[in-house]
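Worksheet: one structure, shown below.
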Amino acid sequence: MTDTFVVVGGDAAGMSAASKAKRDDPDLEVVVFERGRWVSYGACGLPYYVKGEIQSLEHLVSVTPEEFREERDIDLRTGHDVVSIDPDERTVTAERTDDGDATAPDGDGAPVVQPYDHLLIATGAEAVVPEIEGTDREGVYTLGSMSDGKELREYVARARSGESMQQSDRGPACRYLEDCAGPVAVVGGGYVGIEMAEALAANDFEVNLFQRGDRVLTGFSPETSDEVAAHLRDRDVGLHLGAEVRELAGADRVEAVVTADERVSVDMVLLGTGVRPRTALAEDAGIELGAAGAIATDTYRQTNVTDVYAAGDCAEATHAITGESTYVPLALTANRHGRAVGQTVTGRPTEGGDVAGTAAVKAFDVEAARTGILDHEEAREAGFDPVVETIEAKSRAGYYPEGGTVTVTLVADRETGRVLGASLVSEYGEGAVHRSHAIVGAIEEGASVFDLENYDLAYAPPFNTTWDPVLVAAKVVAGKLR
């Protein structure tokens, strides 16, 4: 009798698992439930869709529902929300939603009870709505889904056309911008907050960014954060650091952001205060969470319930340095772990790898990357004695007519010299992000700075100096340890 592999969630982890399982075992019945109408889409591209660089939401879709059904023979049921899992009966129950597409199997509208032999929970994460008064007012947005992106793009279009306000209502900075679309606020100075600040500013909005801490990009080094913050100010983004938002004031519609020290008039607020894993479905089924609050799994992504797996932004992963469980919701991790589950359920157990917390962000004309452990307290808790150095080096040969600088902050263990983490920043196109890959390799292999300083990195004048900035940083830290 043919086994059935059921997947809950139709984005990166879910569709990677479904596709890989079907490819490895064409006789396996693969059923995917997705409560929305979109599957296999690049949520990381949403800020660039709002900005206008990407013209259509469909351009963010890697594989359409029709392609999954017709070309990959996957029973994809969009518009179906899984409301319960019964591990004893080995079934899931799904209800039809209003957000599917016309080609999804409908039945008679009654709940669907689907048996499974293997089950993957890939329910992803949801945008965090902070406990601030007024988040339910009109004009307050999040960016956690394709629908969110569509609503924000529509807001931008309305504001640019002048539908949302009169010229006399626009903020004071608009006097200096020919086509200013009005003052807006971004709450949160992480990846989404900074990318959306750029997207809104590119559409001539007067942008105010509120961050309750004293710097943006708190997961990066202070040096990287400072350089990004300085560039944001250069691009006329109003940075409000150390500004915990207390209220989004207004009547029906948001009118101002209120902190302890100021009240800033705005027409719209984008909440970019992070994400949290969607775990309610798993918890209700008796599936355990880990210390980080996401679904706990073993190295093969199996939960505490036999034949039930979890992967993607709803699940924990193993940190490459500490060996402990952590929560790092990133697209590559979801794809890798989903693919691994697809192989595992077809008889080839696959781990899918650990994570180093590697990430990158673009802020106007600056790019930044980070990987590993940068926080000294976190390093000490993991049993290391951190040593850190920050260097600045040219991105290309000094005699080459173009180029800039790359700032590298490198962290290593004092006793062993092991590379623990790094943060890099440069002008956009000058290689901070791509250079971080060498450091990721060192972290994954457990290499020391003494190893890293002798890496055979590529050199040619248009791309690099003889001594790459990564090698310079490694030499400086190694010299300090010697």
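Note that the structure is a prediction, hence the values are computed from the model and not measured.
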Begin with the C-alpha distance, continue with both residues' side-chain angles, and end with the deciding distance and a verdict on side-chain contact (heavy atoms from CB on, under 4.5 Å) for L289 and I295. CA-CA 4 Å; L289 305 187; I295 300 172; 4.0 Å; yes
Determine, step by step, whether L143 and M196 satisfy the side-chain contact (heavy atoms from CB on, under 4.5 Å) criterion, reporting the C-alpha distance in whole Å, the side-chain angles of both residues, the deciding distance to 0.1 Å, and the verdict. CA-CA 9 Å; L143 189 60; M196 281 303 300; 3.6 Å; yes
Stepwise side-chain contact (heavy atoms from CB on, under 4.5 Å) test for I439 and V419: CA-CA 8 Å; I439 300 172; V419 177; 3.9 Å; yes
Would you please test T135 and L271 for side-chain contact (heavy atoms from CB on, under 4.5 Å) and show each step? CA-CA 9 Å; T135 56; L271 300 175; 4.2 Å; yes
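In the displayed structure, E283 atom CD is contacted under 6.0 Å by more than 12 heavy atoms of other residues, nucleotides or ligands. Sparse packing is recorded around OH of Y428, with 12 or fewer heavy atoms of other residues, nucleotides or ligands lying under 6.0 Å away. Applying the 6.0 Å contact sphere to NZ of K150 captures no more than 12 heavy atoms from other residues, nucleotides or ligands. At most 12 non-hydrogen atoms from other residues, nucleotides or ligands lie less than 6.0 angstrom from CZ of F463. The number of heavy atoms from other shown groups lying within 6.0 Å of NE2 (H434) does not exceed 12. Atom CZ of R212 has 12 or fewer neighbouring heavy atoms from other residues, nucleotides or ligands inside a 6.0 Å radius. Within 6.0 Å of the CD atom in E445, the count of heavy atoms belonging to other residues, nucleotides or ligands does not exceed 12.
When side chains are defined from C-beta on, F205 does not count as touching D267, because their heavy atoms never get closer than 4.5 Å. Side-chain contact between F220 and V425: absent, with no pair of heavy atoms (C-beta onward) separated by less than 4.5 Å. Here the side chains of L481 and V387 are in contact, with some heavy-atom distance below 4.5 Å. Between L120 and R301 the shortest side-chain heavy-atom distance does not fall below 4.5 Å. Side-chain contact between E427 and D365 is absent, with no heavy atoms from C-beta onward closer than 4.5 Å. When side chains are defined from C-beta on, W38 does not count as touching L60, because their heavy atoms never get closer than 4.5 Å. With contacts defined as side-chain heavy-atom distances shorter than 4.5 Å, the pair E288/T303 does not qualify. Side-chain contact between D11 and D313: absent, with no pair of heavy atoms (C-beta onward) separated by less than 4.5 Å.
Residue T326 holds its OG1 atom at 11.0 Å from CG of D354, rounded to the nearest 0.5 Å. Taking CD of E131 as the start and OG1 of T273 as the end, the distance is 11.0 Å to the nearest 0.5 Å. Atom CD of residue E392 and atom OG1 of residue T405 lie 4.0 Å apart, to the nearest 0.5 angstrom. Separation of atoms CG (L241) and CG (L209) is listed at 8.0 Å; rounding is to 0.5 Å. Rounded to the nearest 0.5 angstrom, E95 CD and H80 NE2 are separated by 10.5 Å. Between D468 atom CG and R435 atom CZ the span is 4.5 Å, to the nearest 0.5 Å.
Between the side chain of D451 and the backbone N or O of S448 there is at least one donor-acceptor pair closer than 3.5 Å. No donor-acceptor pair closer than 3.5 Å links the side chain of R215 to the backbone N or O of T224. The closest donor-acceptor contact from the side chain of S426 to the backbone of V406 lies at 3.5 Å or more, if one exists at all. With E244 contributing its side chain and A260 its backbone, the two residues share no donor-acceptor pair below 3.5 Å. When atom types are taken as modelled, the side chain of S225 and the backbone of V216 share a donor-acceptor pair closer than 3.5 angstrom. In this structure a side-chain-to-backbone donor-acceptor pair under 3.5 Å is present from E316 to A292. The main-chain N or O of A17 is never found under 3.5 Å from a side-chain atom of H337 such that the two would form a donor-acceptor pair. Distance alone, capped at 3.5 Å, is enough to place a donor-acceptor pair between the R278 side chain and the T123 backbone. Remark: the backbone N or O of G250 is paired with a side-chain donor or acceptor of R137 at under 3.5 angstrom. Put simply, the side chain of D236 never gets that close to the backbone of E206: no donor and acceptor are under 3.5 Å apart.
Under the 4.0 Å criterion applied to side-chain N and carboxylate O atoms, D413 and R418 are not assigned as salt-bridge partners. The existence of a salt bridge linking E195 and K51 is excluded, since no basic side-chain nitrogen approaches an acidic carboxylate oxygen closer than 4.0 Å. Classification of E126 and R276 as a salt-bridged pair holds, one side-chain N sitting under 4.0 Å from a carboxylate O.
Closest approach of I54 and Y49 over heavy atoms only: O-CD1, 3.3 Å. The heavy-atom pair separating A311 from V341 by the smallest distance is CB-CG2, 4.5 Å. Nearest approach of I373 to H319, heavy atoms of both residues: CG1-CE1, 3.9 Å. The heavy-atom pair separating A13 from A122 by the smallest distance is CB-CB, 4.1 Å. Annotation for A368 and V433: closest pair O-CG2, 3.8 Å, computed over non-hydrogen atoms. Across A201 and V207, no two heavy atoms sit closer than the pair N-CG2, 3.6 Å.
Note on ring orientation: taking the six-membered ring where Trp is involved, the planes of Y141 and Y155 are tilted (angle from 30° to 60°). Between F210 and H240, the ring planes are parallel. Angles under 30° get that label, and only those over 60° would be called perpendicular.
Judged by distance alone, the side chains of D81 and T97 never bring a donor and an acceptor atom under 3.5 Å apart.
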